[in-house]
Amino acid sequence: MKQIGILTGGGDAPGLNAVIRAVVKTAINRFDCRVFGIRSGFDGFIREDGVSELTLRTVRGILPLGGTILGAANRGNPFARKVIRDGKTVIEDMSDEVIRRIHDLHLDALIVVGGDGTLRIAKELHDKGLPVVGVPKTIDNDVGGTEVTFGFDTAVNIATEAIDRLHTTAEAHHRIMVLELMGRNTGFIALHAGVAGGADIILIPEIPFLFESICAKITMRMESGSKFSIVVVSEGAHPEGGQQVFARAADEVFVARLGGIGQVVGKFVESVCQAESRVTVLGHLQRGGSPTAFDRWLATRYGAEAVRAAAAGEFGTMMALERGHIIRTSLAKALAIPKRVNVKGDAVQTARALGISLGDDESDPPPH
Ligand code: F6P
């Protein structure tokens with residue numbers, strides 16, 4: 001192994017720079033191998049100035065930094081790229097051009113750091129013969145095959161701190177504070193932060209909610225002397241028999257953007273539960289800033305292992321965490337089933353045992 005490439009695709013997540021640093025250091029120190037950084041995801045293979053060498057000097061000081069020194073792009077799918085031809089916007093498959101560029105650069109391996117969408121592209125490129133190794137990144141924690149993706153822990157910490165801070169106003173003003181969190185179609189961030197922050201109601205996509213249950217919980221708390229409540233809503237949560245709420249529809253390039261369910265819940269609380277409510281949407285604050293120690297540790301181990309996997313010629317693999325150990329699993333297996341909150345698992349059971357309402361019928365608070 002003489003030369004490898006690395007790119008970061010999809011949205012940014014805390015820990016991306018830690019992966020890049022680990023890849024560069026491991027490749028140079030252990031394998032005497034050169035590393036090339038591809039800028040702005042797969043787009044870097046198409047742009048003139050999209051590839052540059054990464055050295056030990058390039059990665060100095062980046063471990064605690066959020067974002068990615070390589071840039072990311074969540075519309076850079078080479079299999080469906082938006083281009084202008086004769087004044088018209090068309091979608092083109094440019095994967096052959098990407099493959100040609102990788103061969104021209106004499107890359108022996110490409111390390112792709114990304115979430116579900118980016119890793120799917122990596123798998124398709126591997127299916128076309130490219131030597132690809134994947135590293136799972138996302139605050140949503142929705143990539144299968146691994147217990148945790150890096151970025152998730154930081155997001156949960158930021159969301160938990162937000163809940164702590166909302167408690168202040170909730171108690172002082174006797175309000176129902178609704179906090180909308182990210183997570184796409186999974187409620188991992190909401191569930192983990194909600195339990196860690198002591199939320200009263202947690203709504204997640206995996207458990208469709210009933211508006212009446214929200215009101216019942218708030219009323220019960222009021223009658224028992226707690227004049228405030230904290231409601232944590234995952235952006236993908238939806239009422240039973242109802243639809244998810246979107247801030248932006250999908251087009252040929254962008255996936256649909258969830259957002260707005262917090263306002264729906266807040267309005268309902270004010271109008272039907274007769275309680276004063278305020279809604280906070282935490283948004284991209286969950287993805288920004290310095291990664292937690294856990295995310296730096298996990299991202300570093302993923303990066304170092306990805307280089308070892310590439311050196312061993314284990315392509316089409318994804319690094320994963322299993323019972324505390326970093327393992328190599330197949331990209332195909334990891335992407336076959338997206339990871340979702342186990343509604344019968346211990347996290348949900350724990351939330352229920354604590355008297356947290358999950359917005360469904362089953363969430364009747366246990367007797368005190
Ligand atoms: O996948 C990470 C994530 O932050 C989701 O939680 C969220 O739905 C989405 O990305 C937001 O995407 P964008 O940054 O394109 O608005």
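In listed order, ligands and their atoms are each counted from 1.
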Tell me the nearest of Ile139, Asp140, Thr138 to atom 5 (C) of ligand 1, using heavy-atom distances. Asp140
Tell me: protein heavy atom nearest atom 16 (O) of ligand 1, and distance? Arg257 NE, 2.7 Å
Under a 4.0 Å threshold between the charged nitrogen and the carboxylate oxygen, would Glu171 count as salt-bridged to Lys227? no
is_close_aromatic(Phe152, Phe150), centroid dist under 6.0 Å: no
Is any side-chain N of the basic residue among Asp127 and Lys123 closer than 4.0 Å to the acidic one's carboxylate O? yes
Is Asp116 salt-bridged to Arg120, going by a charged N under 4.0 Å from an acidic O? yes
Among all protein heavy atoms in this structure, tell me which lies nearest to atom 10 (O) of ligand 1, with the distance rounded to 0.1 Å. Arg287 NH1, 3.1 Å
Does this structure show an ion pair linking Asp140 with Arg184, if we count only N-O contacts that are shorter than 4.0 Å? yes
Which residue holds the protein heavy atom closest to atom 9 (C) of ligand 1, what is that atom called, and what is the gap in Å? Arg184 NH2, 3.8 Å
Could you list which atoms of ligand 1 come closer than 4.0 Å to a heavy atom of Glu235? 5 (C), 6 (O), 7 (C), 8 (O)
Considering the heavy atoms of His284, write down every atom of ligand 1 situated less than 4.0 Å from one of them. 13 (P), 14 (O), 16 (O)
In terms of relative ring orientation, are Phe211 and Phe268 parallel, tilted or perpendicular, with 30° and 60° separating the classes? tilted
Looking only at protein heavy atoms, which one is nearest to atom 15 (O) of ligand 1, and how far off is it? Asn74 ND2, 3.1 Å
Counting each atom of ligand 1 from 1 as listed, which ones have a heavy atom of Gly183 under 4.0 Å away? 6 (O)
Distance-only N or O hit between ligand 1 and Met182, under 3.5 Å: no
